[in-house]
Number of protein chains: 2
Amino acid sequence: MRTLLVVGIGAGDPDQLTLQAVRALARTDVFFVLDKGPAAADLTALRREILDRHLGEGGYRLVAAPDPPRDRAPSEDRSTAGRAAYATAVDDWHARRAELYERMVLDELDDEGTGAFLVWGDPSLYDSTLRILERVAARGRVAFEHQVIPGISSVQSLAASHRLVLNGIGTPVTITTGRRLAESGFPPDVDDLVVMLDGDTAFTALAATDAGADLDIYWGAYLGTDDELLIHGRLPDVAGTITRTRADARRRKGWIMDIYLLRRTPRTPTRDGDRP
Amino acid sequence: MRTLLVVGIGAGDPDQLTLQAVRALARTDVFFVLDKGPAAADLTALRREILDRHLGEGGYRLVAAPDPPRDRAPSEDRSTAGRAAYATAVDDWHARRAELYERMVLDELDDEGTGAFLVWGDPSLYDSTLRILERVAARGRVAFEHQVIPGISSVQSLAASHRLVLNGIGTPVTITTGRRLAESGFPPDVDDLVVMLDGDTAFTALAATDAGADLDIYWGAYLGTDDELLIHGRLPDVAGTITRTRADARRRKGWIMDIYLLRRTPRTPTRDGDRP
């Protein structure tokens with residue numbers, strides 16, 4: 001039976017690799033890589049840097065394939081029909097990826113071999129690899145067992161760079177997407193909200209609202225790399241700076257990966273109980 | 001100026017240490033350890049195993065101190081007054097810890113030295129070390145700079161062992177505490193809820209409610225160690241098994257650390273649109 005490893009490799013700093021991940025690389029026969037879009041070249045280079053370092057240049061076999069195209073248009077539409085169209089588009093894309101994974105594994109990996117998918121961040125957060133492997137299993141054409149090696153996520157990298165504890169004392173933390181924030185606003189019963197995958201800077205619109213006036217933002221991009229950018233402050237004060245910094249960086253590098261925490265600003269009660 | 005490193009060392013498997021953490025250990029002059037309670041001996045031994053492995057036996061200096069006692073009684077009281085008493089108890093405990101950290105750093109670390117606090121899991125989730133260092137800084141008696149090295153959290157370890165993606169497609173994940181779950185129930189607008197620090201098995205009461213009937217649970221204890229326990233299923237079906245397994249394990253080892261995901265059971269619509 002084939003073994004497939006889904007290995008979290010951290011959020012950008014090659015030193016965020018765990019010892020468990022290093023051992024997983026060492027027992028892998030074939031690495032499968034799918035990247036696309038403007039970040040693809042840089043991300044593939046960073047993966048190669050990790051593999052070169054731990055397995056030696058030429059000391060591994062890497063199979064790269066172009067990621068199936070994904071229909072991104074529906075993500076602009078926030079209506080109920082738009083959400084349904086988005087779910088269908090994601091589903092179609094997962095189906096095409098499952099076919100591609102199946103073919104790669106059948107064509108490139110021996111019956112007893114070990115293949116690995118290297119996942120940025122952690123495989124358990126907003127990553128499709130595990131869902132797609134479940135689809136491959138359900139198609140029934142290739143038998144495999146799979147294991148997951150956790151990795152440092154961008155959520156943790158953001159917290160570390162800002163030296164933050166994400167939760168309040170005994171209170172929850174919610175992790176969500178930019179799309180969801182744009183659709184539903186800042187959740188009323190949440191104090192600490194981590195926002196991932198916000199290509200449309202949903203925090204900008206929020207900054208102009210009543211809810212936004214009471215929020216702090218801790219933003220980071222290219223976390224753990226030499227290009228790391230960090231900005232924090234009251235959301236209405238720094239939203240413009242973040243938007244400009246983000247646009248400049250994206251133009252310069254050709255891509256950006258960023259993440260942020262929105263936190264209700266703690267209000268210090270004055271002695272007579274009023275808020276300052 | 002002194003440097004203090006707050007190093008996440010993973011959720012129990014020594015191989016979850018990152019390369020960045022290994023490098024942090026190598027540049028540390030003094031390791032500060034505070035443990036207490038029934039797990040203290042095992043956890044200290046596990047830390048020593050990590051240090052022995054990377055720095056050699058006797059190749060490091062470790063300063064251990066007993067953790068200040070914490071008044072845990074208020075945590076049983078779920079009223080508004082009870083919540084205030086809980087916050088005060090935590091605040092008092094942090095204040096005592098800050099005094100202790102300050103004394104340890106002043107007494108044991110040279111002016112130019114590097115000290116490290118080794119934190120289970122990740123320093124950004126339900127860990128007090130960073131809050132306490134902020135207090136030490138605010139007291140103004142010892143100048144230091146501090147850095148955070150992220151670690152694999154038990155949240156990720158749980159997801160990896162169950163091979164789970166924590167979020168639904170485009171939907172949020174909330175991380176909370178057992179205390180909060182017992183107080184507020186399963187949040188109505190949440191599909192995926194990770195519960196930490198649930199010494200009172202709040203899921204048991206939830207299993208008997210209407211909300212609990214629609215939940216799946218993915219539970220894990222001693223994650224990443226030889227004693228790892230994993231159970232999953234419909235919450236009403238497996239809550240009793242988990243409670244018994246948990247009590248047995250706790251009796252056997254003298255302590256337990258566990259965590260779980262509660263997930264709304266996906267309902268597959270039938271062809272005529274009804275739910276089965």
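Letters go in sequence order (proteins before strands), and every chain restarts at 1. Keep in mind it's a predicted model, so treat the numbers as computed, not measured.
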For the candidates [options], which exhibits the highest count of non-hydrogen atom pairs separated by less than 4.5 Å from chain B?
{"options": "V190(A), I152(A), D91(A)", "answer": "I152(A)"}
{"options": "I169(A), L130(A), L197(A)", "answer": "I169(A)"}
{"options": "S184(A), A160(A), S157(A)", "answer": "A160(A)"}
{"options": "Q156(A), H94(A), Q20(A), E134(A)", "answer": "Q156(A)"}
{"options": "G151(A), A159(A), A87(A), A11(A)", "answer": "G151(A)"}

Check the angle between the aromatic planes of Y218(A) and H162(A) and answer parallel, tilted or perpendicular using the 30° and 60° thresholds.
->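 Because their plane-to-plane angle is over 60°, the rings of Y218(A) and H162(A) count as perpendicular.
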How are the rings of Y260(A) and F203(A) set to each other: parallel, tilted or perpendicular (split at 30° and 60°)?
->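 Because their plane-to-plane angle is over 60°, the rings of Y260(A) and F203(A) count as perpendicular.
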Counting only N and O atoms by type, is there a donor-acceptor contact under 3.5 Å from the side chain of [X] to the main-chain atoms of [Y]?
{"X": "S128(B)", "Y": "R131(B)", "result": "no"}
{"X": "R180(B)", "Y": "P172(A)", "result": "no"}
{"X": "R2(A)", "Y": "V142(A)", "result": "no"}
{"X": "R263(A)", "Y": "L166(A)", "result": "yes"}

Residue pair D189(A) / R264(A): nearest heavy atoms and the distance that separates them |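 Closest approach of D189(A) to R264(A): N-NH2, 4.4 Å.
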Residues of residues 118-126 of chain B within contact distance of chain A, non-hydrogen under 4.5 Å =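 Within residues 118-126 of chain B, the residues that come under 4.5 Å of chain A (heavy atoms only) are D122(B), P123(B), S124(B), L125(B), Y126(B).
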Segment of [X] engaging chain B (4.5 angstrom heavy-atom cut-off):
{"X": "S153(A)", "value": "both"}
{"X": "T171(A)", "value": "both"}
{"X": "V22(A)", "value": "side chain"}
{"X": "P187(A)", "value": "neither"}

Qualifying residue for side-chain contact (heavy atoms from CB on, under 4.5 Å) with M196(A), from T176(A), L181(A), V155(A) | V155(A)
Which one of I132(B), L133(B), I149(B) satisfies the side-chain contact (heavy atoms from CB on, under 4.5 Å) criterion with V6(B)?
->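 When side-chain contact (heavy atoms from CB on, under 4.5 Å) is applied between V6(B) and each of I132(B), L133(B), I149(B), only L133(B) qualifies.
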Contact class of [X] relative to chain A, heavy atoms under 4.5 angstrom:
{"X": "D192(B)", "answer": "neither"}
{"X": "D13(B)", "answer": "side chain"}
{"X": "L164(B)", "answer": "backbone"}

Got I175(B) and N167(A) here, is their nearest side-chain heavy-atom distance under 4.5 Å?
->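 SC-SC contact between I175(B) and N167(A) ruled out.
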With side chains defined as the heavy atoms from C-beta onward, is the minimum distance between L223(A) and L230(A) less than 4.5 Å?
->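 SC-SC contact between L223(A) and L230(A) confirmed.
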For the pair T174(B) and T174(A), evaluate side chain to side chain donor-acceptor pair (under 3.5 Å) and give the outcome as yes or no after the intermediate values.
-> CA-CA 4 Å; T174(B) 296; T174(A) 296; 2.9 Å; yes
In terms of heavy-atom pairs under 4.5 Å with chain A, which of V165(B), L158(B), L193(B), V194(B) leads?
->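 It is V165(B).
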